[in-house]
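Here is how names work: the chains are called A, B, and so on, in the same order as the sequence lines, proteins then strands, and each is numbered from 1. What you are looking at is a predicted structure, and each value in this text was computed from that prediction instead of being measured.
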2 protein chains.
Amino acid sequence: MSASERRYAPPAVAVSAVAFALGAPEGAELGDADADAGEALEGTLWLPLVRRTREPFAGVWALPGGPIPWDETLAESAERTLRATVGRSPGYLEQLYAFGDVERSGRGQRLVTIAYWALYGENDLAAQAEFPAEVENIAWFSADRLPELAFDHADIVEYALWRMRMKTEYAAVAHRFLGGTFTLAQLRRVHEAILGTEVDPANFRRQALAQGHLVDTGEVETGTRHRPAKLYRFREN
Amino acid sequence: MSASERRYAPPAVAVSAVAFALGAPEGAELGDADADAGEALEGTLWLPLVRRTREPFAGVWALPGGPIPWDETLAESAERTLRATVGRSPGYLEQLYAFGDVERSGRGQRLVTIAYWALYGENDLAAQAEFPAEVENIAWFSADRLPELAFDHADIVEYALWRMRMKTEYAAVAHRFLGGTFTLAQLRRVHEAILGTEVDPANFRRQALAQGHLVDTGEVETGTRHRPAKLYRFREN
DNA sequence: GTAATAGTGTCTATAAGACAATATATT
DNA sequence: AATATATTGTCTTATAGACACTATTAC
């Protein structure tokens, strides 16, 4: 198909994924030289980007993604893309929106992108990478300090952040940033990272427990220099 | 392209639209013989369907929709499809979800469908049809009593109903079912139709006015056999 | 004991809902 | 006046947030 034929061809479909984590995985390339991944645990969201090697937007950072094979569902495509980029499967994956403006892809074939929104929790990133994730052209950035992005990917990231902050949705998934058991203080810090504000510990405790989604494991934290906190886990069903 | 080539081709993209109204337009074909469109104004939602003439699912009712031309945005495609089906433009249009399971379209080419959700208000339907809407194979059905639907369109309708009932979203658009001015009782009946429950008039009034989106026109209803109600309109900005 | 955070109690402001009471038009 | 709905008032309950207070561990 020639370039001018592509110009008038029906749109192709692709997925893109905005994958949030509370920090970059061990050994990952960091996009921002000043930053320190450890610092991320103190309260900001990070996400992986891929540097494009082809036109359009060659050399510019973009969200992980690609075309959809005939035998994969949309979600499967998004997950495979993330495994290839991050080396691991995300702990949570949800469809965000379909972006398909005529001019969004520049000059080439018309492209409709189904954007997905993913979470990587502590456990998800701690596990050894399943794939020898190519480090070349992949880096993690703080959501606060993103570089210029290809296509309309900046809009997609912004929309993903907004959606995650919509309370009724994020309350049910925030725990996925954490391991199997966690203290209420840890869970609260996840909410603070998502919202970008401080949250009253007393009120947060009451609300979180009132939801009925948390189970007291009977265990407590150890190794602290103060009163140890109870450990909870998220209810299975 | 042969049938077996289509089987393994990359997915094509299409739009489908779930268009709700408080009743069928004047003269429209009604899918349910027992029903009366006038009855719809008393509190149920109606939507237009198209009977398929080709395989797969020939003869089965389906949501209005079709492939996306290279020079139309997703929303433009949805709106054009609705104009062709209903003869008029909807008063509101919003993207719903992208459906793209591998097996959803049966045996043919893989299809990814971007579903849209539309509202037709009193004014939108009262206007004379812009297009000589072909009546053949188009009918309106009560959302309560839908026939069997092609593909996974039943899931799409169910999801559209659920989304419309999510309060924070529908409060801002419910007035679009009505004309330019309306009484609070009319607006309340829209909410009752959407929610499927009764709503206290006194409390509804307070909430609706507290939003600050309604403007008192200074006019009142006429021709009632009781105290006439004030007429409001929705604030422009 | 001291430091530090976990966890509890309580008060206030706001919102939601039930329901009684009053207002005002047509007939 | 009778009727029917509009509109207002009031009370109860639930919830969110601010913030003071108590508990328990390591050191």
task: Calculate the interatomic distance between Leu231(B) atom CG and dA25(C) atom C1'; express it in whole Å.
output: 14 Å
- request: Compare the minimum distances between each of dG9(C), dT25(D), dT8(D) and the side chain of Ala202(B), then state the nucleotide with the smallest one.
  value: dT8(D)
message: I'd like to know if the side chain of Arg88(A) reaches the main chain of Leu125(A), judged simply by a donor and an acceptor atom lying under 3.5 Å from each other, with no hydrogens or angles considered.
response: yes
query: What about Arg227(A), does its side chain sit under 3.5 Å from the base of dA23(D) through a donor-acceptor pair?
result: yes
statement: Winner on side-chain proximity to Asp200(B), out of dC19(D), dC19(C), dA4(D), is dC19(C)
- prompt: Is the base of dA18(D) touched by the side chain of Asn203(A) through a donor-acceptor pair closer than 3.5 angstrom?
  reply: yes
task: Report the distance from atom CD of Glu221(B) to atom P of dA23(C), rounded to the nearest whole Å.
output: 20 Å
- prompt: Counting only side-chain N and O atoms of Arg205(B), is one of them less than 4.0 Å from OP1 or OP2 of dT7(D)?
  reply: yes
query: Between Gly223(B) and Arg206(A), which has a closest nucleotide on DNA chain C that is more 5'?
result: Arg206(A)
field: Side chain of Pro228(A) - closest among dG7(C), dT25(D), dA4(D)
entry: dT25(D)
Aromatic ring pairing His175(A)/Phe234(A), orientation class (parallel under 30°, perpendicular over 60°, tilted between): parallel
query: Roughly, in whole Å, what's the span from CD in Gln186(A) to C1' in dA6(C)?
result: 13 Å
Trp162(B) and Tyr159(B) aromatic ring geometry - parallel, tilted or perpendicular at 30°/60° bounds: parallel
- prompt: In whole Å, what is the span from the CD atom of Gln207(B) to the C1' atom of dT14(C)?
  reply: 13 Å
message: Could you check whether any side-chain N or O of Arg233(B) sits under 3.5 Å from a backbone N or O of Thr217(B), counting only pairs where one atom can act as donor and the other as acceptor?
response: no
task: Can you tell me the distance, in whole Å, between the CG atom of Leu209(A) and the P atom of dT15(D)?
output: 15 Å
statement: From CZ of Arg188(A) across to P of dG7(C) the rounded distance in Å is 11 Å
message: Is it the case that the side chain of Glu158(B) and the backbone of Asp155(B) share a donor-acceptor pair, with hydrogens and angles ignored and the cut-off at 3.5 Å?
response: no
- request: Write down the distance between CZ (Phe204(A)) and P (dG17(D)), rounded to a whole number of angstrom.
  value: 12 Å
field: Options dT7(D), dA4(C), dA16(C), nucleotide nearest the side-chain atoms of His226(A)
entry: dA4(C)
- prompt: How would you label the contact of Thr224(A) with the nucleic acid (heavy atoms, under 4.0 Å): base, sugar-phosphate, or nothing?
  reply: sugar-phosphate
